[in-house]
Amino acid sequence: QCHGSDAKGGPSFPNLADTDWLYGGSPDTIMQTITYGRVGIMPPWKAAIAPKAAGDIAQYVRSLSGLDADPERVLRGQRGYQTYCIACHGVDGKGNQVLGAPNLTDEVWLYGSSEASIVKTILDGRENHMPAHGDILTPVQIKLLTAWVWGLSNKPEAQAQPAAPAGPAD
């Protein structure tokens, strides 16, 4: 229901079939998430950051993942990022799985990559809840679901190709 029948998520629901994991994609972490749930929080910064400055930070964040961005605003936004965002998202913008702070350098955007969407996230914050299923599912069901979810993003290497037929005998 939340992540979709294909497990590829949707607006505000993570894709479980890719390799981008907010808290890490190990089987133990997945099992913990299914069992106990998660609460992801991006605090609102509107009390400290003006909308124009949030727009500049959004331009910098867009530049981290190679999206079009205004170079002058990127420079201003980098200063704002270093003041407000670096503690959670890191110097390089690659995020922090302990905190559930997303990687800002890839193409994965839970709420969209437009300047307006990023500004809304900066100013208003975001809060997501993954409900706990430990009281709903049996331990065996949790283990099976963990294995299934883990398998979505850990596909085995392509099957070995059959050997080429031997050439004509000499």
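Within the cation-pi definition used here (under 6.0 Å to the ring centroid, within 45° of the axis), R76 does not qualify as a partner of Y60.
Scanning for side chain to side chain donor-acceptor pair (under 3.5 Å) contacts around T121 gives R126, with sequence neighbours left out. In this structure K46 satisfies the salt bridge (Lys or Arg N to Asp or Glu O under 4.0 Å) test together with D124, sequence neighbours excluded.
To the nearest 0.5 Å, atom CG of residue D56 and atom CD1 of residue I122 are 9.5 Å apart. To the nearest 0.5 Å, atom OG1 of residue T138 and atom NE2 of residue H133 are 13.0 Å apart. To the nearest 0.5 Å, the span separating CG on N103 from CG on D20 amounts to 6.5 Å. Rounding to the nearest 0.5 Å gives a distance of 12.5 Å between CZ of R79 and OH of Y84. The structure places CD1 of I30 at 6.0 Å from OG of S153, a figure rounded to the nearest 0.5 Å.
At least one side-chain heavy atom of I34 sits under 4.5 Å from a side-chain heavy atom of T146. For the pair L22/P102, a side-chain contact is recorded, criterion being any heavy-atom separation below 4.5 Å from C-beta on. Using a 4.5 Å cut-off on side-chain heavy atoms (C-beta onward), N15 and H3 make no contact. Side chains of N128 and L110 form a contact here, defined as non-hydrogen atoms less than 4.5 Å apart. Side-chain contact between Y111 and P11 is absent, with no heavy atoms from C-beta onward closer than 4.5 Å.
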Exercise for review: Given side chain to side chain contact (heavy atoms under 4.5 Å, CB included), test W109 with V61 step by step and report yes or no.
Suggested key: CA-CA 11 Å; W109 295 89; V61 168; 3.6 Å; yes
Practice item. Assess whether side chain to side chain contact (heavy atoms under 4.5 Å, CB included) is satisfied between N96 and H89, documenting all intermediate values. Key: CA-CA 6 Å; N96 182 327; H89 295 282; over 6 Å; no
Check your understanding: Checking side chain to side chain contact (heavy atoms under 4.5 Å, CB included) for the pair M31/K143: CA distance, chi angles, key distance, verdict?
Key -> CA-CA 7 Å; M31 184 179 290; K143 285 180 183 179; 3.6 Å; yes
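A pairwise comparison of heavy atoms in A132 and T35 identifies CB-O, 3.3 Å as the closest pair. Annotation for L152 and K155: closest pair O-NZ, 2.8 Å, computed over non-hydrogen atoms. Taking each heavy atom of P44 and L123 in turn, the nearest pair found is CB-O, 3.3 Å. Of all heavy-atom pairs between Y23 and G100, the closest is CE2-CA, 3.4 Å.
Applying the salt bridge (Lys or Arg N to Asp or Glu O under 4.0 Å) definition to pairs two or more places apart or across chains, none involves residues 88-109.
Looking at Q59, its side chain does come within 3.5 Å of a backbone N or O of D70 through a donor-acceptor pair.
Grouping the Ile, Leu, Val, Met, Phe, Trp and Tyr side chains by contacts below 4.5 angstrom, directly or via other members, places L64 with L67. The cluster map of Ile, Leu, Val, Met, Phe, Trp and Tyr, joined by side-chain heavy atoms under 4.5 Å apart, puts I142 and V149 in the same cluster. Side-chain heavy atoms closer than 4.5 Å link hydrophobic residues (I, L, V, M, F, W, Y) into clusters, and following such links, even through other members, never connects V91 to L99. There is a path of hydrophobic side-chain contacts, each under 4.5 Å, that joins L145 to L16. Under the 4.5 Å side-chain heavy-atom criterion for grouping Ile, Leu, Val, Met, Phe, Trp and Tyr, I41 is not connected to W21 through any hydrophobic cluster.
The number of heavy atoms from other shown groups lying within 6.0 Å of CG (D6) is above 12.
Ionic pairing of K120 and E115 is not present here: no N-O contact between side-chain nitrogen and carboxylate oxygen is shorter than 4.0 angstrom.
Residues D28 and S26 have side chains that never bring a donor and an acceptor to within less than 3.5 angstrom of each other.
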